Amino acid sequence: MLKYANPTNFLALAGRLIPWLAAATALSLGAGLFLTFFVAPDDYQQGSSVKIMYLHVPSAWLSMMCYVIMTSAALGTIVWRHPLADAAQKAAAPLGAIFTLLCLVTGSLWGKPMWGTWWVWDARLTSVLVLFLIYLGLIGLWQTIEEPAQAARAAAILTLVGVVNIPIIKFSVDWWNTLHQPASVFKIGGPAISGSMLWPLLIMAVAFTFLFLTLHLMAIRNEILRRRLRRLSIDAAHAEEKSEATA
Amino acid sequence: MRSPLSALFWRELRIARSVGGGGAMGVVFFLILVSLTPFAIGPDLNLLSRIGPAILWIAALLATLLGLDRLFQADADDGSLDLLLTAATPLELIVLVKCLAHWIATALPLVVASPLLGLTLAMEPESLAGISLSLLAGTPALTMLGAIGAALTAGLRRGGLLMAVLILPLTTPVLIFGVSSAAAASGGTVPFHIPMLILSALSLASLAGAPFAAAAALRARDA
Amino acid sequence: MRSPLSALFWRELRIARSVGGGGAMGVVFFLILVSLTPFAIGPDLNLLSRIGPAILWIAALLATLLGLDRLFQADADDGSLDLLLTAATPLELIVLVKCLAHWIATALPLVVASPLLGLTLAMEPESLAGISLSLLAGTPALTMLGAIGAALTAGLRRGGLLMAVLILPLTTPVLIFGVSSAAAASGGTVPFHIPMLILSALSLASLAGAPFAAAAALRARDA
Amino acid sequence: MTSLLARDLCVDRGGRTIVKNISFDLRAGEALVALGRNGAGKSTLLRAIAGFLPLSGGRLSHTGAEAEIPLPELSHYVGHADGLKSALTAAENLAFWARMLARSDETPSPSSALQRVGLKRLADFPVAYLSAGQKRRVALARLFMAPRPLWILDEPATALDIASQQVLAEAFAEHRAAGGMILAATHAPLGLVDAATLDLGSAPADLGGNA
Amino acid sequence: MTSLLARDLCVDRGGRTIVKNISFDLRAGEALVALGRNGAGKSTLLRAIAGFLPLSGGRLSHTGAEAEIPLPELSHYVGHADGLKSALTAAENLAFWARMLARSDETPSPSSALQRVGLKRLADFPVAYLSAGQKRRVALARLFMAPRPLWILDEPATALDIASQQVLAEAFAEHRAAGGMILAATHAPLGLVDAATLDLGSAPADLGGNA
Ligand code: HEM
Ligand SMILES: Nc1ncnc2c1ncn2[C@@H]1O[C@H](COP(=O)(O)OP(=O)(O)OP(=O)(O)O)[C@@H](O)[C@H]1O
Ligand SMILES: Nc1ncnc2c1ncn2[C@@H]1O[C@H](COP(=O)(O)OP(=O)(O)OP(=O)(O)O)[C@@H](O)[C@H]1O
Ligand SMILES: [Mg+2]
Ligand SMILES: [Mg+2]
């Protein structure tokens with residue numbers, strides 16, 4: 001494991017993994033979309049708008065999972081000061097923001113037919129919005145601090161502080177009385193949802209996870225390469241600056 | 001693109017961009033302010049749509065003013081302001097161009113984002129267009145008034161609050177007519193164009209007057 | 001009064017008192033924000049008293065956070081922060097004392113002024129006491145959370161907006177329970193002490209945790 | 001500009017007359033070095049001549065072809081603050097100041113000015129990443145970006161290494177040979193040959209006796 | 001503290017190793033002057049030793065009675081920024097730093113320290129009203145407010161007039177006579193007799209040959 005913490009080994013590993021992950025993403029996404037649109041039944045109450053669920057729920061899960069992964073990377077940054085952890089953190093923030101946005105948008109689209117409004121200010125929706133805002137703040141922080149190691153430490157601290165929001169999102173439906181659905185898949189006593197809807201949902205969730213992993217690895221790889229390039233150009237400039245001055 | 005003023009304009013935009021995506025931060029701040037209100041007021045959609053224009057206008061006001069506090073302060077700290085005084089370009093024009101760049105980087109994104117935010121506050125479509133138009137007409141006045149405050153506090157090294165305190169009272173007319181034109185857009189007794197005309201007049205007047213006031217304040221600073 | 005921390009405390013208070021700083025400005029900003037609202041919303045007293053606690057809380061939130069942006073920035077700019085790192089006193093305690101001084105200079109005046117401002121918003125007497133108490137219990141959390149943001153942006157030389165953007169989302173629970181305890185004070189289904197307890201718990205938790213986060217952020221700065 | 005004449009200059013600051021009755025003549029090709037202990041008023045005098053502080057007395061005039069142009073627009077000022085934006089690169093900073101300060105449209109390229117101060121390779125780095133002396137050198141490179149007859153320099157050699165001090169001295173000689181003037185305040189030798197000195201002597205409290 | 005030992009110090013900044021494999025020994029009463037061109041890494045090295053930047057390699061240790069106290073707490077650092085609050089007076093600033101930096105409860109009075117740097121009469125002026133050199137002298141007066149064995153000074157003579165440079169040289173001699181150590185970076189002579197020098201030479205890319 002530690003062997004792959006070396007950025008060079010990591011690049012090699014990522015290079016080998018990415019094609020497989022991309023293939024797995026394509027396969028599972030294809031299967032998931034097929035099941036969603038051609039196999040899964042319409043809901044007797046909701047009609048075909050229930051199909052939004054197969055996008056909404058996986059993106060909601062991924063928005064939280066991404067934060068959890070970012071938090072582990074943040075710990076890596078703080079405890080080991082490892083550049084790979086820095087890159088993993090940085091790469092996760094925009095992905096998290098995109099999945100959260102997807103969750104918000106699909107939720108709103110679903111809310112219009114279901115609740116008669118695009119948006120309500122209940123605890124679940126609000127805490128997801130806060131998650132989105134935290135992602136945006138992190139992106140802003142990454143953009144503002146030029147020096148990568150310093151930006152990583154600052155972002156790690158903010159990430160760790162913001163992690164309290166995750167349990168709030170997860171349990172908001174249980175702690176407060178909300179319009180939003182309580183957990184029906186991951187709950188004590190097994191899923192309270194029929195198999196014909198559960199399977200497509202789970203496959204879509206797997207597909208989204210693969211999609212995330214592919215994009216995340218690719219973004220980490222880009223970040224490492226960008227840093228190397230930056231470092232090379234700085235070194236070259238300083239070396240030449242010196243020879244120029246002594247000439 | 002070779003004149004001093006265009007050089008200044010592009011420099012300002014480039015600096016704005018380097019900081020957390022410049023305009024983006026202003027929009028995010030705006031977004032946060034707008035979404036804080038329902039947290040505080042509670043999820044009563046009727047109430048929210050009733051006070052929606054007010055919330056959007058106050059948030060825009062704050063986002064514009066708070067982004068402005070370093071408009072001249074940064075230049076004063078790093079010595080740029082002194083050097084700008086030795087340029088052949090009149091200081092009034094320099095102020096105007098800096099304000100223009102700031103408006104484009106900060107206020108314009110707010111104008112664009114406001115209808116989206118209005119949606120979350122359950123505002124009606126006509127109201128959404130109204131709020132955008134009124135922000136477009138009114139934010140120049142906010143930027144110019146803010147520039148006066150920024151110039152007054154440029155030497156003091158703790159702008160933020162002080163500047164807001166100096167300028168916020170002066171912005172009340174803009175706020176009042178801004179909200180009332182947004183309200184007029186979604187029906188009401190006043191026709192839409194009247195508050196809009198007043199708002200535009202306020203913006204034009206401050207565009208004409210504020211550069212002189214700000215330039216005078218900058219020159220008066222004990223450099 | 002001879003220990004390093006008390007020396008720091010008094011220095012902070014003295015600086016806050018000078019140059020249009022700290023306390024007074026915060027209250028004035030608060031006052032202006034609160035009085036802008038009726039201009040924007042219109043003079044509907046029922047509506048105002050309905051959303052009074054929300055307005056007061058949002059205004060207090062902004063006044064506290066915006067006054068905080070230079071908490072560490074000023075020390076970073078003038079080199080004091082480096083020297084503080086060479087003191088024998090742990091940085092966490094230094095952060096805590098600076099926050100304490102800032103809270104006394106900025107937030108405490110808000111607590112005192114809030115009932116007066118509540119009166120202008122036509123709030124009921126119980127509600128006034130409620131808002132004061134809830135601000136007293138909740139503002140420490142705002143100050144401490146803001147300190148984290150101030151520390152994260154200390155080296156960046158244009159804190160203001162970015163800091164607000166980083167920290168405002170984290171303050172939502174404080175805002176929600178702050179307003180709900182103010183509302184509970186003037187009747188309602190929830191007994192007053194429940195949101196108050198949560199608010200105090202939030203303040204205590206952030207008093208315990210934030211100094212570590214802020215100190216870590218200050219150390220992470222590329223000095 | 002063929003000469004700069006100062007007669008009985010006085011400058012007030014914080015209610016005190018800091019600079020009192022200073023007179024000097026500076027002609028094309030000449031240099032004048034203001035000396036004096038800390039607090040004597042050197043920086044105050046220079047900033048007043050550059051137009052940043054109002055004169056409370058005396059007359060400042062200049063003659064020559066550009067006599068009708070205000071003096072600040074004929075001057076380069078390099079003070080304690082470098083006037084650089086740390087988010088922009090050295091080249092961007094210089095290109096901006098060239099546009100802003102030059103009277104004509106063709107200005108030298110930033111990289112040639114940076115070459116003179118030995119920083120050509122760092123042209124595309126944000127100024128934030130430069131060392132104190134490197135920043136100072138970028139600030140001094142501004143002198144080459146726009147031709148202006150009067151250079152007003154407040155302790156220009158601060159933070160410069162020996163090689164750069166040498167470069168600066170050469171730039172001074174060249175500027176003077178081309179008919180430029182130099183007005184500098186310093187505590188350390190600047191390599192200005194045949195410069196006249198202006199002794200502001202002691203702190204103003206002693207000057208005016210208002211201890 | 002009887003000695004400070006540095007072995008193979010490395011410091012990274014912006015992803016680059018700026019200071020590479022620096023070793024030196026400093027004993028009680030000794031002084032070490034870091035020399036080198038702009039951008040050589042002098043300030044970076046000093047800030048790392050003062051504890052403001054992390055070392056990326058090497059070992060820094062000190063011996064003597066205070067061996068268990070962290071090095072930063074035994075050091076006075078005077079850098080480019082003066083560490084003064086401009087709204088407070090010189091005396092208030094110094095009194096604060098005495099409380100903050102001294103280990104014992106009795107500290108000298110600010111006015112005696114200001115006397116040494118020749119600013120006693122300005123003790124009750126807000127620092128905002130002081131000239132560049134006067135501010136720097138207040139910052140240096142901090143050295144006298146709390147006894148600390150290691151003085152880390154980054155271009156301490158900047159903006160000082162000749163008389164104050166003399167005062168500083170005397171303070172150095174006195175500190176060393178009392179067993180103190182001095183670590184300074186400079187481009188100008190500091191009046192440190194018998195100081196060892198540490199030549200950081202050229203810009204960092206060159207030091208390790210990793211161009
Ligand atoms: C913008 C609005 C919405 C947001 C931010 C949102 C957010 C979320 C989140 C974060 C989850 C994951 C919960 C967990 O893992 O426990 C979730 C799940 C879910 N949401 Fe939404 N949602 C929104 C609107 C809606 C709407 C309108 C509906 C339909 C009525 C809906 C139905 C569901 C369902 C059925 C689940 C799966 C629950 C489970 O099995 O655990 N959501 N949503
Ligand atoms: N914050 C920073 N981030 C990245 N690189 C930096 C930073 N600060 C300085 N550097 C680089 O580190 C190198 C050393 O800088 P340092 O300030 O230590 O030099 P110095 O020897 O003190 O020079 P001077 O004589 O100009 O003060 C320089 O090449 C500079 O470009
Ligand atoms: N902003 C100010 N307000 C009031 N007095 C000031 C101000 N700035 C400087 N002074 C006073 O003016 C006098 C001259 O200051 P000035 O900066 O001109 O000195 P200087 O000769 O440049 O000294 P140095 O060699 O230290 O740079 C000093 O006594 C100082 O106290
Ligand atoms: Mg001076
Ligand atoms: Mg240096």
Side-chain angles (χ1 to χ4, degrees), chain D residues 13-16 18-19 34-47 79-82 117-119 121-122 125-126 128-138 140 154-155 157-167 185-189 200-206 210-211, chain E residues 13-16 18-19 34-47 79-82 117-122 125-126 128-138 140 154-155 157-167 185-190 200-205 211:
Chain D
R13 227 173 172 184
R16 254 170 358 126
I18 305 279
V19 171
L35 299 172
R37 36 181 305 236
N38 293 140
K42 303 179 292 299
S43 303
T44 306
L45 175 65
L46 263 49
R47 293 181 68 78
H80 296 298
D82 287 328
V117 296
L119 286 178
R121 296 297 163 177
L122 295 181
F125 278 80
Y129 293 162
L130 301 184
S131 78
Q134 288 168 336
K135 276 184 199 142
R136 173 49 53 133
R137 277 147 72 179
V138 178
L140 288 168
D154 198 355
E155 307 196 33
T158 302
L160 290 187
D161 60 17
I162 317 288
S164 312
Q165 291 177 19
Q166 190 58 41
V167 170
T186 188
H187 297 293
L200 291 169
S202 48
D206 303 346
N210 60 343
Chain E
R13 227 174 175 185
R16 233 162 28 106
I18 305 276
V19 170
L35 299 173
R37 40 182 302 247
N38 292 139
K42 304 178 294 297
S43 303
T44 305
L45 175 65
L46 263 48
R47 293 182 68 79
H80 296 298
D82 288 328
V117 295
L119 286 179
K120 191 166 162 221
R121 279 187 313 166
L122 295 181
F125 276 82
Y129 295 161
L130 300 184
S131 78
Q134 288 168 337
K135 275 184 201 146
R136 173 50 50 138
R137 278 147 74 178
V138 178
L140 289 168
D154 197 355
E155 306 195 34
T158 303
L160 289 186
D161 60 18
I162 317 288
S164 311
Q165 291 178 20
Q166 190 56 41
V167 170
T186 188
H187 297 292
L190 285 181
L200 292 169
S202 48

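The sequence lines fix the lettering, A, B, ..., with proteins before strands; numbering per chain opens at 1. It should be emphasised that the depicted structure is a prediction, and the values quoted were computed from it without experimental measurement.
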### Query
Looking at D/G14, D/A157, D/S43, D/G133, which makes the most heavy-atom pairs under 4.5 Å with chain E?
D/G133

### Message
For E/L35, which atoms come within 4.5 Å of any heavy atom of chain D: side chain, backbone, both, or neither?
### Response
neither

### Query
Where is the tightest heavy-atom contact between D/E155 and D/T186, given as atom of each residue plus distance?
CG-CA, 4.4 Å

### Task
Check each atom of D/S164 against the heavy atoms of chain E and say whether the ones under 4.5 Å are side chain, backbone, both or neither.
side chain

### Side-chain (D/R136) to main-chain (D/A159) donor-acceptor, under 3.5 angstrom
no

### Task
Please confirm whether the backbone N or O of E/L200 pairs with a side-chain atom of E/K42, one donor and one acceptor, at under 3.5 Å?
no

### Message
So, taking the atom named CD1 in D/I18 and the one named CZ in D/R13, what distance separates them when rounded to the nearest 0.5 Å?
### Response
7.0 Å

